[in-house]
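Counting convention: from 1, in listed order, for ligands and their atoms alike.
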Amino acid sequence: MESRTSLASWQALTKHAQEMKHTHMRDLFDKNSERFAQFSIQLPPFLLDYSKNLIDSKTLTLLTELAKECEVEAWRDKMFSGERINSTEDRAVLHTALRNRSQKPIMLDGVNVTEEVQQSLNHIKAFSDKIRQGYWKGYSGKRITDVVNIGVGGSNLGPQMVTEALQQYSDNSINVHYVSNVDGTQIANVLRPLNPEKVLFIISSKTFTTTETMTNARTAMKWLVSASFDESAIAKHFVAVSSNKKNAMEFGIDKENIFDMWDWVGGRFSLWSAIGLPIAIDLGFDNFIELLEGAFEIDEHFCRAPLEQNAPVILALLSLWNCTFLGAQSQAILPYDQSLHMLSAYLQQAEMESNGKSVTWDGDEITYPTVPSIWGELGINGQHAFYQYLHQSNNVVPADFIGSVESVTPVQGHHETLMANFFAQTQALMAGVNEEQVRADLKAKGRTQDYIDKVSPHKIHKGNRPTNTILMKRISPRSLGSLIALYEHKIFVQGILLQICSFDQWGVELGKGLANEIQKEIESGEVTQNHDSSTLGLINYFKTLSKETVHNAS
Ligand code: F6P
């Protein structure tokens, strides 16, 4: 397959990037009073302002040209229609079918996926209603008060991020908890205050083989059985979400209590499926549907809007521009909304597990930088931690600022302060402050010439740091669904532009396999593998010390 670097638009962008590197955004704003109108998109759930990027109209034309040359629209249509675009696993990629609110049939191997999804939604509704209304009873006849979701990665981050974000929409009839870490501290802390008679466990694992999840699930089962003295209690307290029904049943979960999951849903895109069961239980089924509706709204936009007005396409093109052409290596996600405190962790998996790869679909080495590392924190907390770096380090970190016009929890005076910071930061990152301004300011404050000479270099902010601003009207199930879908499609387009298979995750397998072997060595006390001297030294140190700890304790 032809390398992206040989495309005419790619070559033109490489040349154009050299010119733009000598341009300052401040000058672009000074020269063009229409910049905001020209480089922003208003959609019902949010406004996307991307004018504070180092771009001009030529950049946008060339980037759009690149999207055309890469056939982004044709690839998008392949995804939505169920073609097997996950080429390394020979699978379709149909998370959009999970929120296909049009009910349009989608055929895959002779099966109408839309119908299957509807059946699964019916199952989620019936079950979540039963739990919420107290009709589902535990082994001693008491209603369920607490649900513990056991899962990791995509089987944890999506539901947890969403339920945390939408707490204001919960009636708190059920407390939902999450266990993802195999560090026993987490499950022990979660279970300690709970009453086994009133707890329901959801074992969420697409594969039902993930060691961490299986270990936590076994611990939960032991905890339940040691309280109930009855293995039949398991059926009343354990359900699973998995595409591996066989393993889930062997584990001891009743067939009727296993929710569907399909191989055409990637883990990190799965919150719209029964993996979202904790969302339906915590917030109610209607709110779960609202989330799907919001995502569907963006699916429609993605499918219909022209490339140059297509929000996910624009975000993907800008990421490519900033990273591949201008050399940025990381990107910050900075929500100015307490509800979104888990968003950067969620997007970290979504983007980095999808596109953190270095070979093309055909297995050829990629010769240019691909996607950035994603990191972030709530904006205000970040301001008092790492914004110094964003403003003045010699690495440029493009950032997405996400805020809301209305707070979900208005407290007098707070939202104005929060949003004043939100607006101030992108202005400062873009415009910066030059030496002349710094000196004039210090002079106006009556500082001595010596002081001005000494301090001025430290106070200069070069600016020219790219940001996108996503201004939501309000965080709601619907708008959150839209926001997540916006990023999902951005990631998809990135993959197409970079010729990366976004839907596999082979890069996590090597470490998993080695861990399984090392665990056997730790448990048997016998080191059988060839390890480098560092790993061997560390394992031996651990074994010696843990033996001593056991010995001292006994
Ligand atoms: O190890 C990575 C991963 O495979 C993710 O892609 C996935 O979301 C997570 O593990 C959990 O997998 P499962 O749902 O199969 O337990």
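- Among all protein heavy atoms, the one lying closest to atom 14 (O) of ligand 1 is Ser155 OG, 2.6 Å.
- Under a 4.0 Å criterion applied to the non-hydrogen atoms of Gly154, ligand 1 contributes the atoms 7 (C), 8 (O).
- Residue pairs meeting the side-chain hydrogen bond (donor to acceptor under 3.5 Å, both in side chains) criterion with at least one partner in residues 363-373, sequence neighbours excluded, are absent.
- The proximity of Thr207 to ligand 1, defined as any non-hydrogen pair under 4.0 Å, involves the side chain as well as the backbone.
- Within ligand 1, counting atoms from 1 as listed, the ones closer than 4.0 Å to a heavy atom of Ser205 are 13 (P), 14 (O), 15 (O), 16 (O).
- Using a non-hydrogen distance threshold of 4.0 Å, Gln349 registers as a contact of ligand 1.
- The distance from ligand 1 to the heavy atoms of Glu353 drops below 4.0 Å at these ligand atoms: 2 (C), 5 (C), 6 (O).
- Phe302 and Phe80 have tilted rings, their planes meeting at an angle from 30° to 60° on a 0 to 90° scale.
- For an aromatic pair to be called close, the ring centres must be under 6.0 Å apart, and Phe127 with Phe259 satisfies this.
- The aromatic rings of Phe208 and Phe251 lie perpendicular to each other, with more than 60° between the two planes, well past the 30° mark.
- The atoms of ligand 1 that sit less than 4.0 Å from any heavy atom of Lys512 are 1 (O), 4 (O).
- Applying the side chain to side chain contact (heavy atoms under 4.5 Å, CB included) test to Asp90 and every residue at least two apart in sequence or in another chain returns Arg84.
- Counting protein heavy atoms only, atom 12 (O) of ligand 1 is closest to Thr210 OG1, 3.5 Å.
- Residue Gly153 has no nitrogen or oxygen atom sitting less than 3.5 Å from a nitrogen or oxygen atom of ligand 1, judged on distance alone.
- His95 and Phe503 have tilted rings, their planes meeting at an angle from 30° to 60° on a 0 to 90° scale.
- Using a 4.0 Å cut-off between charged side-chain N and carboxylate O, Glu351 and Lys490 make a salt bridge.
- Shown in contact with Val152 at under 4.0 Å from a heavy atom are these atoms of ligand 1, numbered in order with element: 9 (C), 11 (C).
- In the vicinity of Val508, heavy-atom distances shorter than 4.0 Å reach the ligand 1 atoms 1 (O), 2 (C).
- Residues Phe46 and Ser479 are not in side-chain contact: their nearest non-hydrogen atoms beyond the backbone lie 4.5 Å or more apart.
- The contact set between ligand 1 and Lys206, taken as ligand atoms under 4.0 Å from a residue heavy atom, comprises 13 (P), 14 (O), 15 (O).
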